[in-house]
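Quick notes on the structure that follows.
Residue numbers run from 1 in the order of the sequence given. As the structure is a computational prediction, the values presented were derived from the model and not from experiment. We use all heavy atoms of the structure for the numbers below, so side chains are in, but hydrogens, waters and symmetry mates are not.
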Amino acid sequence: MKKIIIIISLLAVMSVSVYSQADFSGSADITLLANIPESDSYDSLLNPGNLLGIQDFVMIPSLIAKLDAGDESSTFSAWFLMKEYPIGQGLLAASYGDSIQTGSAYELISAFGDSIYTFDLMRLSVNVYLTDNISMEIGRQSMVTGYGYGWNPIDFANPLKNPADPNADLRGVDGLVFRMYPGDITSLKLYGILPDTFLTPGLDYEEIKAGGEATFYLPGMELKLAGFWDYDNTEGSDPYTPSAGAALMLDFFGIGVYGEASFRKGSRNYLPDGLVRDTNWLFSGLAGLEYTFETELYAVIEYFYNGEGFDKSERADFQTALSFPTYNLVSMYSPGYFAEHYVLINLMQPFYDINTDINLSVLYSPDSKALIVMPSINYAFSGNFVVKLAYTGMFDLSNNDFNEVTAMPVRHTVSGVFTYSY
């Protein structure tokens, strides 16, 4: 912990001394979770006998610190995330069935506690303006692109967004980006990225990925063309594959109409056996509408076809494979990406006079019949302190089908998030 504080302090001092303008900001969150157990407690296919030790009530603190600085020719940005994780339950789950390993896990937990604070460098990049129309950014940075609210099929480089929380900050990608503005209606972006490799420090040359994007700003319309190149021709070796896509957004009498479409040579998901990935060309597409009513009600509705999702027979095979769960399998069991078809509705009604807004988000899969309902209310005590009360309910509406709700150990949660921004 002391080393983390020292690192942050040194970066802050260095940035202030190097740049004429520096801004230090961020947010501190304290989340209170109240889990509502089913009739069989928290036992499920993913959590037999409550192996993970899920409790009724949990408190999760986290801290995000952001440091931004810059002058006339360059900018610097660094984001740090500090969060608590219940590593003790993970150790016990990993040692389950072996009395010696379980005993060692108990000794370790007794000595160091059952939770740890992790420090993650979310962003760390420098952007330099080479000319008036060309800039270069190097380091860990956001690659998010596209117009979708819950999903972005043409986002080939960044981690997947969570459609249940699309506004959550994503960990950046290590890379080098050149941005060019050759005219008033065009912008170009060329990049190379170095994806993380599990337990391996560094990459071979063929593992470096490259991509590009062109954006055209036309009257009442914006168009994006994107492509991704994977030099490593070993199919299925990683989640990055050769891809191409396009996105469009236009204003139709005050209604925002947008869409995205992509073709990917292979899937990021493993097949239900959890060992290999699909290497065929796969299509994914999104269509959406957004509109703000006279009452200030903001509404978004999206349909997403997930070409990397599983059909009914594949979901049944996945259920069978979960009898012996592996990391590859569990990581794919994610709402919004497990099935093939999804509909997302998000409504937000602000009440400025009382510093309150009410939200409702609904995520539904027409093919797997999984339904997730997420109402919430935000109240701002001041410009810096906000409280969010929320409920998340997962419902399995299928008739003996397996979907992304069936194996969940927790389906109903009430939460309170206390956020102080500085």
If you round to the nearest 0.5 Å, how far is [atom2] of [Y] from [atom1] of [X]?
| X | Y | atom1 | atom2 | result |
| --- | --- | --- | --- | --- |
| Leu190 | Glu213 | CG | CD | 10.5 Å |
| Phe253 | Asp251 | CZ | CG | 9.5 Å |
| Ile372 | Phe395 | CD1 | CZ | 10.0 Å |
| Phe228 | Ile154 | CZ | CD1 | 13.5 Å |

Quiz item: Got a sec, which residues hit side chain to side chain donor-acceptor pair (under 3.5 Å) with Asn133, two or more places apart in sequence or on another chain?
Solution: none

Exercise. Return the set of residues passing side chain to side chain donor-acceptor pair (under 3.5 Å) with Ser376 (not counting sequence neighbours), or none when no residue passes.
Key: none

Practice problem: Look at the side chain of Glu302 and the backbone N and O of Gly150, then say whether any donor-acceptor pair between them is shorter than 3.5 Å. | Solution: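 Yes; judged by distance alone, with no hydrogens or angles, the pair exists.
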
Quiz item: Any donor and acceptor pair, going by atom type alone, linking the side chain of Asn158 with main-chain N or O of Met143 inside 3.5 Å?
Solution: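 Yes, the answer is positive, given that a donor and an acceptor are paired below the 3.5 Å cut-off.
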
Quiz item: Given side chains that start at C-beta, do those of Ile377 and Tyr391 come closer than 4.5 Å, heavy atoms only?
Solution: no

Quiz item: By ring-ring contact (aromatic ring centres under 6.0 Å, His included), which residues pair with Phe304, not counting sequence neighbours?
Solution: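 For Phe304, the residues satisfying ring-ring contact (aromatic ring centres under 6.0 Å, His included) (neighbours in sequence not counted) are Trp151.
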
Quiz prompt | Test item: side-chain donor near acceptor, Glu308 and Ser284, under 3.5 Å | solution = no

Quiz item: For Tyr333, which of Phe310, Tyr270, Phe402 qualifies under ring pair (Phe, Tyr, Trp, His ring centres under 6.0 Å)?
Solution: Phe402

Exercise. Evaluate the ring planes of Phe338 and Phe318, with Trp represented by its six-membered ring, and classify them as parallel (under 30°), tilted (30 to 60°) or perpendicular (over 60°).
Key: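 Correct class here is perpendicular.
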
Self-check item: Under the salt bridge (Lys or Arg N to Asp or Glu O under 4.0 Å) test, residues paired with Asp174 that sit two or more places apart
Solution: Arg140

Under 3.5 Å, side-chain donor or acceptor atoms of residues 175-187 against the rest of the protein: list the pairs with distances, not counting sequence neighbours.
{"from": "Arg179", "atom 1": "NH1", "to": "Glu137", "atom 2": "OE1", "distance (Å)": "3.0"}
{"from": "Ser187", "atom 1": "OG", "to": "Tyr217", "atom 2": "OH", "distance (Å)": "3.2"}

Practice problem: Start with the C-alpha gap between Lys161 and Asn152, add the side-chain angles, then the distance that decides, and say whether side-chain hydrogen bond (donor to acceptor under 3.5 Å, both in side chains) holds. | Solution: CA-CA 8 Å; Lys161 288 199 302 188; Asn152 293 117; 3.0 Å; yes

Quiz prompt | Verdict with supporting geometry, Tyr298 and Asn359, side-chain hydrogen bond (donor to acceptor under 3.5 Å, both in side chains) | solution = CA-CA 10 Å; Tyr298 175 69; Asn359 300 267; over 6 Å; no

Show me the donor-acceptor pairs within less than 3.5 Å that the side chains of residues 415-422 make with the rest of the protein, sequence neighbours left out.
{"from": "Thr419", "atom 1": "OG1", "to": "Asp29", "atom 2": "OD1", "distance (Å)": "2.9"}
{"from": "Tyr422", "atom 1": "OH", "to": "Ile64", "atom 2": "O", "distance (Å)": "3.0"}

